Amino acid sequence: MDKGFENLLSARKLLKASVEKSKALGLSLEKTGPRLDEINQRLPSLEVSIRPIRAQRDALGAVGGHINRAVVPAAAVLKVFDAIHGLEKSLSDPQSDLPGYLGVLKRLQEATRFLGENCGMAIQWLADIVEYLEDHKVADNKFISGLKKALECLRELEVGEEKGHLDGGLLEVALDRLENEFRRLLTENSIPLPMSTPTLPGEQACIAPSPLPVAVIQKLQAILGRLIANNRFDRCLSIYVEVRSLNVRASLQALNLDYLEISVSEFNDVASIEGYIAQWGKHLEFAVKHLLEAEYKLCNDVFERMRLDVWKSCFADIAAQAGILAFLQFGKTVTESKKDPIKLLKLLDIFAALSKLRLDFNRLFGGAACAEIQNWTRDLIKRLIQGACEIFWELSVQVELQRHTPPPLDGSIPRVVTFITDYCNKLLGDDYKPILTQVLVIERSWKHEKFQEGILINELLNLVKSIELNVETWSRAYEDAVLSYIFSMNTHWHLYKHLKGTKIGTLLSDSWLREHEQYKDYYSSLYLRESWGKLPALLSREGLILFSGGRATARDLVKKRLKSFNEAFDDMHRKQSNWVILEKDLREKTRQVIIQTIVPVYRSYMQNYGPLVEQDTSASKYAKYTAQSLEKIFNSLFQPKPVKQGSLRVRQLSGKFNNRVADQPQTSPTVK
């Protein structure tokens, strides 16, 4: 019994142990399933990996050397690539630490250059091993194809436009930041220069020093050196020209230069833009001597000291973009305007301004890079000389043409007389004579003719003498002899007064001047005798002494004589009320002579015989004036009427000076 129970227990234990083992085996099988799936998935790649092992022994022996030769340079390239990106953390802000930034950038450039130079060799060696593997069937076609595609991508990257991005574009980004710093330094240190006004007559405003501090120039040069080494010089030049030309334009915009864009159709004659021409000379001098001079110096400082020959073309671009050609265009516009004598003076003004800046123009714009500016300048100077000479040589002809025009209706001085006398003095003055002489010398040289020293003086003397002939002709053209006397008084006194003490007057001689003074006196006497001088005789006292014919008879005589006086006076006053004596001294003297001739006689007559008619009911008809009222009337005679001034216009072929009153200035025109 006991033995059987023991056997049963033993069987029970064995069965239990078997069940436990079965459970453990089942759990193990459950865990092994996913592993088998994983192994099954990895089998293809493992098969590829171990396939070369199944290659021939000699092929497997040789492949090791090929792999080593390819892996060593490839590993070096990868090491440099990693070093490049390690430098990225060392790149500081160029604004805060430019030397440090440039130092790191130089190392980055050297590393990138090494990468570019050695990448090709590593690719070639890798290509060799791929070719070996393919030829000796060490690897399957799928593996070989994948390697070939990878090599093709490397080749395209190495030889194509993306070569500079072998470092992932880090160097390009760093260079872009350096360009931005170059622009920032220029922009923040480019300040428009105001136009200063000389404090003393003849004093020149000082030319400003270099517009950029030395420290800034040094930084710009350091940046340029690094950018040039990376083929970015053209972009630097573009930035420099853009920033500096905008700065010059900002300086010029403060001067209100809108007038430079005026067209010929926008003004009637040069006199209407005379103020602009005066401004033009000052503004051009400021632009050349100050703004562009400073830019020329700065271009030289920044580029020339780096042994770069392009600095002159850089300056030429700045000058052109800043608007120097607009100044020359304005001068050309003036030369294209209507021809008149004032235009001659303005052309000489423009020529003088350019002549004053000749050395500056030659130095600043003398190079081949400024050929366009040179051509514009030469063309403008040619136009100025031709235009000025054409007007000058036509002056005598224009004056002579006036001889056949009617004289002024009010007996005043013809416009051509007042203009030419002042004009000749201007042309012989220190401001214009040297310039006009220079212009005439150049014009003669173009014609291969020698300039004669006396040609200018002789031409101006002939001009005045032609005016003399005009005056004689006009004085004979009046139907009213008394009006012709007023005209002759006016013109002869004007010639004497306005030429005495002048250079042209000295050349004409004192005897010539005295002759005109005497003519004035002569015609003044004729005028008084033939007009107002006749009135005192109308107040005769004959038949009134002691009232020999009785009081009634005396009263009738006084009435008759006062009536004759009043009629003669009214007629003369009516005719002469619109006559003009231009010169104030002659006008006042003539008035006083008339007053002294008539008023004392009239006063005495009225004191003695006025009571005879004052009691009459029609007394106001005869005692029409008092001595005071006559004097007041005489003092209102010959007063000039205000008339708008203007210049003398010359037609393209044969212009005319207009002598008519409506166009005639009553004061001598100011010719500047």
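Please read these numbers as outputs of a predicted model, since none were measured by experiment. Any value given below was found using the heavy atoms of this structure, including those in side chains, with hydrogens, waters and symmetry copies removed.
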Arg183 side chain to Asn180 side chain, donor-acceptor N/O pair below 3.5 angstrom: no
Verdict with supporting geometry, Val464 and Leu460, side chain to side chain contact (heavy atoms under 4.5 Å, CB included): CA-CA 6 Å; Val464 176; Leu460 295 179; 5.9 Å; no
Nearest atoms (heavy-atom pairs only) where Ile581 meets Asn490: CA-OD1, 3.3 Å
Minimum heavy-atom distance Val334-Lys343, with the two atoms named: O-CE, 3.4 Å
Ion pair check, Glu517 and Arg514, cut-off under 4.0 Å: no
Salt-bridge present (Lys447, Glu443; N to O < 4.0 Å): yes
Between CD on residue Gln398 and CG on residue Leu463, distance to nearest 0.5 Å: 10.5 Å
Lys/Arg-Asp/Glu bridge criterion (N-O < 4.0 Å) met for Lys426, Asp422: no
Note: Lys289-Glu285 ion pair, threshold 4.0 Å (strictly below): no
Nearest-0.5 Å distance, CZ of residue Phe419 to SG of residue Cys424: 9.5 Å
Main-chain N/O of Arg235 paired with Ser238 side-chain donor or acceptor, under 3.5 Å: no
Passing option when His492 is tested against Tyr485, Trp512, Phe487, Tyr519 for ring-ring contact (aromatic ring centres under 6.0 Å, His included): Tyr519
Gln374 side chain to Gly366 backbone, donor-acceptor under 3.5 Å: yes
Distance, nearest 0.5 Å, that separates CG of Leu428 from CG of Leu456: 6.0 Å
Side-chain touch Thr187/Asn247, heavy atoms, less than 4.5 angstrom: no
Residues Gln576 and Tyr527: side-chain donor-acceptor under 3.5 angstrom: yes
Over all atoms of both residues, closest heavy-atom pair of Val439 and Ala388: CG1-CB, 4.3 Å
Atom pair NZ (Lys282) and CG (Leu255), whose distance is rounded to the nearest 0.5 Å: 12.0 Å
Name of the residue among Val248, Val241, Leu364 meeting side-chain contact (heavy atoms from CB on, under 4.5 Å) with Glu295: Val248
Under-4.0 Å salt bridge between Asp585 and Lys497: yes
Residues Thr502 and Asn425: side-chain donor-acceptor under 3.5 angstrom: yes
Check: Gln639 main-chain N/O paired with Arg587 side-chain donor or acceptor under 3.5 Å: no
Any donor-acceptor N/O pair, Glu266 side chain to Ser263 backbone, under 3.5 Å: yes
No-hydrogen, no-angle side-chain donor-acceptor test under 3.5 Å, Trp280 and Asp349: no
Check: Phe303 ring centroid to Tyr240 ring centroid under 6.0 Å: yes
Contact check, side chains of Asp317 and Ser245, non-hydrogen atoms, under 4.5 Å: no
Shortest non-hydrogen separation from Ala319 to Phe365 and the atoms involved: CB-CE2, 4.0 Å
Flag, side chain of Ser466 to backbone of Asn462, donor-acceptor distance under 3.5 Å: no
